[in-house]
Amino acid sequence: MATITMKEWLGANERTRVLLTDKWYLDFAIKVLPFIKQSSVFKYENKRAQTEAAISVSLYLQDAISQNGGWKLFSDLYFRQYGTYLPFYPLTDEYIPDEINTEDIAFVIWTLKSHFAIWEDDQYTLFSPYDEGLLELSRILYDIMDECFEEAPISKEPSSDIWVMGPDLLEMPTTPLPEITSETKLKKDVERCLEYSKGAPLLYFANYKELCTFFVKVLKWEDNPSSLLPDLKYKKEFVIYANAKGMLIAHNVAAYFCEDHNPLYDAKRAAAEGYRMFCRPGACPFDLLKYGMTKGILPDVQLPLFKGKELLQQYWDFIARYYLCEYYEGE
């Protein structure tokens with residue numbers, strides 16, 4: 001009795017018509033399913049997650065053989081954006097883009113264990129791309145693929161564009177920071193911020209009371225509760241980013257920015273909590289996050305994983321794309 005149905009396989013490919021090659025790849029998914037179930041990575045997952053993993057591995061093989069579909073699209077877009085074929089894994093001369101690779105399989109498994117927030121902003125999941133069980137399973141699956149690589153058929157129709165990652169996120173261009181030049185016409189609030197800070201784009205405030213004092217005394221706002229951003233009343237640790245676009249205000253992030261004029265900076269908290277800005281939609285406006293990383297003033301942020309600092313510091317832009325979704329490069 002088949003443990004994965006043709007309907008499930010076709011659904012992953014986003015089509016209803018059965019091709020001559022489908023049975024071969026469905027059989028391959030069924031073949032690798034026991035190895036996935038036995039692995040430490042998926043042993044405690046439900047049947048649906050295990051089945052999804054087997055199908056994804058078979059989709060990868062189908063795309064690698066046919067050189068089209070979701071994997072090929074992801075790989076090409078990633079290369080166009082970052083100059084290499086995938087994140088996290090340094091690629092050696094043994095890596096061949098148009099064939100199967102253990103690094104590719106490891107990344108596919110990583111996407112199955114690492115989920116961005118869908119319903120609630122804090123319901124994202126993190127998983128190490130260097131997890132020993134993940135790397136071991138990748139090698140096992142590679143060996144199984146390698147044994148049948150020559151007999152795997154070429155699919156005439158590409159797989160779904162989105163089974164690896166939504167291509168719109170990788171297609172989104174990285175916009176330059178809103179730098180101020182001699183030609184920039186600044187808004188009055190920005191002018192007053194920069195005059196007060198002696199040119200420093202970032203200003204820091206411990207609580208709402210300090211922020212309101214700044215609004216009234218420096219920015220000359222009306223001293224009226226309704227004029228002083230009352231939605232921020234119960235927030236703290238504010239950062240104001242004065243830039244060419246205008247004045248951006250973020251809350252609960254000041255402790256992470258390492259600047260001499262920031263009295264709120266806390267290296268331990270930055271290391272323990274700062275990664276949330278890259279994973280939790282809305283936690284930090286993206287222009288401020290990008291400014292912090294581009295200027296090297298978020299040196300302590302790291303993922304709570306093995307090699308977490310290396311991962312976040314080196315691959316922060318991709319991680320932000322993956323987890324922040326529409327908040328990446330958003331307002």
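Just so you know, these numbers come straight off a predicted model, no measurement behind them.
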Any donor-acceptor pair under 3.5 Å from [X] side chain to [Y] backbone:
{"X": "Q50", "Y": "F42", "result": "yes"}
{"X": "K187", "Y": "K245", "result": "yes"}
{"X": "S39", "Y": "I36", "result": "yes"}
{"X": "E8", "Y": "T5", "result": "yes"}
{"X": "D300", "Y": "A267", "result": "no"}
{"X": "T21", "Y": "I154", "result": "no"}
{"X": "Y265", "Y": "A270", "result": "no"}
{"X": "Q67", "Y": "A64", "result": "yes"}
{"X": "S66", "Y": "S155", "result": "yes"}
{"X": "T125", "Y": "K113", "result": "yes"}

Can you name the closest pair of heavy atoms from [X] and [Y] and give their distance?
{"X": "I96", "Y": "N101", "result": "O-ND2, 2.8 Å"}
{"X": "S226", "Y": "P230", "result": "O-CD, 3.9 Å"}
{"X": "A106", "Y": "L135", "result": "CB-CD2, 4.4 Å"}
{"X": "I180", "Y": "A244", "result": "CG1-N, 3.7 Å"}

Taking NZ, NE, NH1 and NH2 as the nitrogens, is one of them in [X] or [Y] under 4.0 Å from a carboxylate oxygen of the other?
{"X": "D27", "Y": "K23", "result": "yes"}
{"X": "E195", "Y": "R192", "result": "no"}
{"X": "K290", "Y": "E329", "result": "yes"}
{"X": "R139", "Y": "D143", "result": "no"}

Assigning hydrophobic clusters by single linkage (Ile, Leu, Val, Met, Phe, Trp, Tyr; side-chain heavy-atom cutoff under 4.5 Å), is I249 placed with L289?
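Looking at the clustering, L289 is in a separate group from I249.
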Please tell me whether F88 and L141 are part of a single hydrophobic cluster in this structure, the criterion being side-chain heavy atoms less than 4.5 Å apart.
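Yes.
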If we ignore angles and hydrogens, is there a donor and acceptor under 3.5 Å between the side chains of [X] and [Y]?
{"X": "Y256", "Y": "E273", "answer": "yes"}
{"X": "D104", "Y": "Y142", "answer": "no"}
{"X": "N13", "Y": "Q62", "answer": "yes"}
{"X": "S58", "Y": "K31", "answer": "no"}

Heavy-atom distance under 4.5 Å between the side chains of R321 and L170, does that happen here?
yes
With ring-ring contact (aromatic ring centres under 6.0 Å, His included) as the test, would you mind laying out the steps for Y82 and Y315 before giving the verdict?
CA-CA 10 Å; Y82 298 109; Y315 301 105; 8.5 Å; no
Over 60° means perpendicular and under 30° means parallel, so tell me whether [X] and [Y] are parallel, tilted or perpendicular.
{"X": "Y204", "Y": "H261", "result": "tilted"}
{"X": "W316", "Y": "F278", "result": "perpendicular"}
{"X": "F238", "Y": "H251", "result": "perpendicular"}
{"X": "F214", "Y": "F205", "result": "tilted"}
{"X": "F74", "Y": "W71", "result": "tilted"}

So, F79 versus Y85, ring centres under 6.0 angstrom or not?
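Between F79 and Y85, the centre distance is under 6.0 Å.
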Taking the six-membered ring for Trp, is the centroid-to-centroid distance between Y89 and W110 below 6.0 Å?
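Between W110 and Y89, which both carry aromatic rings, the centre distance is not below 6.0 Å.
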Could you walk me through whether Y328 and F286 pass the ring-ring contact (aromatic ring centres under 6.0 Å, His included) check?
CA-CA 6 Å; Y328 178 86; F286 191 72; 4.5 Å; yes
